Amino acid sequence: MIKVLSVCGLGQGTSLILKMNVEQALTEKGIQADVEHMDVSTASSMSADYIITSNELAEGLEGHSAKLIIVNNYFDLDEINQAIDNHIVEN
């Protein structure tokens, strides 16, 4: 099972929406994952396989051992699915 962090600025509403959309996309692809939502500072000290966040917040996570996946619109399931296809499904 892979570990995925969905990250927003405060770790509250937006990352929760992203978490639910990521879980839905992964489930539809048959990928088992533990998905958690949080803010950048918490994510920087967490162990994970993938971090899904915005381009602006990714800078604060550079150097993390997890693979960073950029999503510009946390509400866009098509974009989230494409990002997962490009970064997780291929591996």
Side-chain angles (χ1 to χ4, degrees):
M1 181 178 297
I2 61 172
K3 173 93 170 186
V4 180
L5 307 180
S6 66
V7 176
C8 72
L10 298 175
Q12 301 293 321
T14 313
S15 62
L16 177 58
I17 290 164
L18 178 60
K19 172 190 187 289
M20 292 187 301
N21 288 337
V22 167
E23 284 177 327
Q24 179 182 338
L26 291 170
T27 299
E28 289 172 0
K29 295 174 191 316
I31 299 171
Q32 289 192 331
D34 175 20
V35 184
E36 292 185 49
H37 68 100
M38 61 196 58
D39 65 293
V40 174
S41 61
T42 303
S44 64
S45 63
M46 295 279 295
S47 171
D49 298 301
Y50 299 94
I51 296 175
I52 303 180
T53 192
S54 67
N55 197 39
E56 300 80 27
L57 298 176
E59 293 176 11
L61 293 162
E62 285 181 10
H64 195 287
S65 61
K67 181 164 184 153
L68 291 176
I69 301 173
I70 305 300
V71 174
N72 295 309
N73 184 344
Y74 290 8
F75 299 89
D76 186 344
L77 276 172
D78 289 336
E79 182 184 359
I80 293 166
N81 271 300
Q82 187 67 47
I84 289 169
D85 286 343
N86 291 342
H87 297 284
I88 297 176
V89 174
E90 290 179 351
N91 290 334

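Predicted, not measured: the structure shown is a model, and the values here were computed from it. Quick note: numbers below take in every heavy atom, side chains included, and nothing from hydrogens, waters or symmetry partners.
Residues Ser65 and Ala48 share a closest heavy-atom pair of OG-O, 4.4 Å. Heavy atoms only, all atoms of each residue included: Asp39 and Gly9 are closest at CB-O, 3.6 Å. Shortest non-hydrogen contact noted between Ile80 and Ala25 is CG2-CB, 4.3 Å.
Put simply, the side chain of Asn21 gets close to the backbone of Tyr74: a donor and an acceptor are under 3.5 Å apart. The backbone N or O of Lys3 lies less than 3.5 Å from a partner atom in the side chain of Asp49, making a donor-acceptor pair. Counting only distance, with no hydrogens or angles, the side chain of His64 and the backbone of Ala43 share a donor-acceptor pair below 3.5 Å. Counting only distance, with no hydrogens or angles, the side chain of Ser6 and the backbone of Ile52 share no donor-acceptor pair below 3.5 Å.
Connection of Ile88 to Leu77 is not established within any shared hydrophobic cluster, with ILVMFWY side chains joined at heavy-atom distances below 4.5 Å, either directly or through further cluster members. Two different hydrophobic clusters hold Ile70 and Tyr50 under the rule that ILVMFWY side chains link at heavy-atom gaps under 4.5 Å. Under the 4.5 Å side-chain heavy-atom criterion for ILVMFWY residues, a single connected hydrophobic cluster contains both Val89 and Val35.
For the side-chain hydrogen bond (donor to acceptor under 3.5 Å, both in side chains) criterion with Asn81, the lone passing option out of Lys29, Glu28, Gln24 is Lys29. Screening Val4, Leu26, Val71 for a side-chain contact (heavy atoms from CB on, under 4.5 Å) with Ile84, the sole residue that qualifies is Leu26.
Between Gln82 atom CD and His87 atom NE2 the span is 9.0 Å, to the nearest 0.5 Å. Within the model, atoms OG of Ser41 and CG of Leu61 stand 9.5 Å from one another, a figure rounded to the nearest 0.5 Å. To the nearest 0.5 angstrom, Gln32 atom CD is 10.0 Å from Ile2 atom CD1. How far CD1 of Ile17 is from NZ of Lys19: 12.5 Å, rounded to the nearest 0.5 Å. To the nearest 0.5 Å, atom CG of residue Leu68 and atom CD of residue Glu62 are 7.5 Å apart. Taken from CD1 in Ile51 to CE in Met38, the straight-line distance is 8.5 Å, to the nearest 0.5 Å.
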*For Val7 and Thr42, run side chain to side chain contact (heavy atoms under 4.5 Å, CB included): C-alpha distance rounded to whole Å, both residues' side-chain angles, the deciding distance at 0.1 Å, then the answer.*
CA-CA 9 Å; Val7 176; Thr42 303; over 6 Å; no
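Heavy-atom contacts from other residues, nucleotides or ligands closer than 6.0 Å to CD of Glu59 number 12 or fewer.
Inter-residue side-chain proximity for Asn72 and Glu79 is flagged as met; some heavy-atom pair is nearer than 4.5 Å.
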